There are 2 protein chains.
Amino acid sequence: MAARTPDTDLTDTASQLRNAIVRTSRALRQEAAGESGLSPNQTAVLASINRSGPVTPSELADLERVKRPTMTRTLACLEREGLIERTPDPADGRSSLVAVNDAGRERLARLRRRKSAYLARRLRKLDPEEVETLARAAALLERMREDEQG
Amino acid sequence: MAARTPDTDLTDTASQLRNAIVRTSRALRQEAAGESGLSPNQTAVLASINRSGPVTPSELADLERVKRPTMTRTLACLEREGLIERTPDPADGRSSLVAVNDAGRERLARLRRRKSAYLARRLRKLDPEEVETLARAAALLERMREDEQG
DNA sequence: CTAGGCTAATTACCTAAGCTAACTTTCACA
DNA sequence: TGTGAAAGTTAGCTTAGGTAATTAGCCTAG
């Protein structure tokens, strides 16, 4: 059976999606510089730690799909901000377990509530079904990312 | 009437979308480093020039929502790669008009065809209606960006 | 039970791509 | 025609990605 979605459409959609993501991500970074005190990257990592519980830096690097040195730096920053805590890994003396502390959870909750954030501001101008489309797109992007985990 | 989409949902969706975008954008950058020869940013700018025809650097900076010095650097790079051309702006001696040349159009077409690109690869594993959701999300993101143009 | 190799984390350094500030050239108009 | 604003660039800062090299801890073969 012929594919419902021929490859030309797919690569075209891929291009459009890619450009939209790149541009939106740029806008997000720019806004974060303003006020929040935490860059979009740092926020995403903090959310990841929160979701995955105590986790080693290496696991986290894999989750976020960055290299370990990059994660080392991000974690150092989150630690300096007092949002995470490390405990020695009982199973491996080379490693440690990273977890979000109270301050970090508070910060995440606050960020999640921010009505004036770039995206929240814009979402409020959309129809409910458009918001729903974006919510499902977000879930799909995460799923796509996780699928390639191996 | 009560909003179909209460603010709590909105800010929550905003958070999820934001993290998904940040992470996907990271993955895109990483892939681009590999092979394509053009970063996602440079690609997005090239596509923008192609879409908007001959355009001044300032207009382009506004379109992409970056500052002028940033655009100067990106244009310098695209020019070095031989993908764009500048002609003096007949209407303003301080400025110039930037346009994609044949090599640039060829490059864009090639990128659009790349079936092995990060997103294209993953889109092929989704249902058609999921692909459709992402396509609509891309359009929405672009629209949201343009709405704030002022 | 230890030698050698593997792995986790870090450090040092490079690059891309945002930004602001400051400078030059050109424009516009009072 | 002189002055202020605007376009583009240059210089320099920051963040966040990367690789290579180092250190410390783990594990296994002999």
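In the text below, chain A, chain B and the rest are named by the order of the sequence lines, each starting its count at 1. Keep in mind the model is a prediction, meaning the values are calculated, not measured. What's counted below: heavy atoms across the whole structure, side chains too, no hydrogens, waters or symmetry copies.
One interatomic measurement links the two molecules: CD of B/E64 to P of C/dG18, which rounds to 9 Å at whole-angstrom precision. Per the geometry, CE belonging to A/M71 stands 16 Å off P belonging to C/dT11, to the nearest Å. Nucleotide D/dT10 holds its P atom 20 Å from the NZ atom of B/K67, rounded to whole Å. What separates CZ of A/R65 from P of D/dG18 is a distance of 11 Å, to the nearest Å. The separation between A/D62 atom CG and C/dT7 atom P is 13 Å, rounded to whole Å. The nearest whole Å value for the distance from the CG atom in A/L28 to the C1' atom in D/dA16 is 15 Å. Note: CD (A/E31) to P (C/dG18) measures 16 Å, nearest angstrom. The distance from atom CG of A/L97 to atom C1' of C/dA9 is 14 Å, rounded to the nearest whole Å.
At C/dG18, one or more side-chain N or O atoms of A/R26 fall inside 4.0 Å of OP1 or OP2 (strictly under the cut-off). At D/dA16, one or more side-chain N or O atoms of A/S39 fall inside 4.0 Å of OP1 or OP2 (strictly under the cut-off). Side-chain N/O atoms of B/T70 include none lying less than 4.0 angstrom from OP1 or OP2 on C/dA17. Between C/dA8 and A/R68, a contact under 4.0 Å exists linking OP1 or OP2 to a side-chain N or O. Residue B/Q30 has no polar side-chain atom (N or O) positioned under 4.0 Å from OP1 or OP2 of D/dA16. Side-chain N/O atoms of A/N41 include one lying less than 4.0 angstrom from OP1 or OP2 on D/dG17. A close approach under 4.0 Å does occur between a side-chain nitrogen or oxygen of B/S95 and OP1 or OP2 of D/dG8. The side chain of A/R86 contributes an N or O atom lying less than 4.0 Å from OP1 or OP2 of C/dT10.
A/R73 contributes a side-chain N or O that forms a donor-acceptor pair with the base of D/dG17 under 3.5 Å. Contact annotation: side chain of B/R94 to base of C/dT25, donor-acceptor pair absent below 3.5 Å.
For the residue pair B/R26 and A/N41, a side-chain donor N or O sits within less than 3.5 Å of a side-chain acceptor on the partner.
Using a 4.5 Å heavy-atom cutoff, the side chains of B/T56 and B/D89 are in contact. In this structure the side chain of B/L38 reaches within 4.5 angstrom of the side chain of B/L83, judged on heavy atoms.
Judged by distance alone, the side chain of A/R105 and the main-chain N or O of A/V100 form a donor-acceptor pair under 3.5 Å.
Salt bridge annotation for B/E31-B/R121: present, with a cationic side-chain nitrogen under 4.0 angstrom from a carboxylate oxygen. Using a cutoff of 4.0 Å between basic side-chain nitrogens and carboxylate oxygens, A/K125 and A/E130 are not scored as salt-bridged.
Here the nucleotide nearest the side chain of B/S58, chosen from D/dT9, D/dG8, D/dG17, is D/dG8.
Residue B/E59 is classed as having no contact, given no heavy-atom separation below 4.0 Å to the nucleic acid. Residue-level contact check: A/P57 touches the backbone only, with heavy atoms under 4.0 Å from sugar-phosphate atoms and none from bases. Within 4.0 Å of A/D92, counting heavy atoms only, lie sugar-phosphate atoms of the nucleic acid but no base atom.
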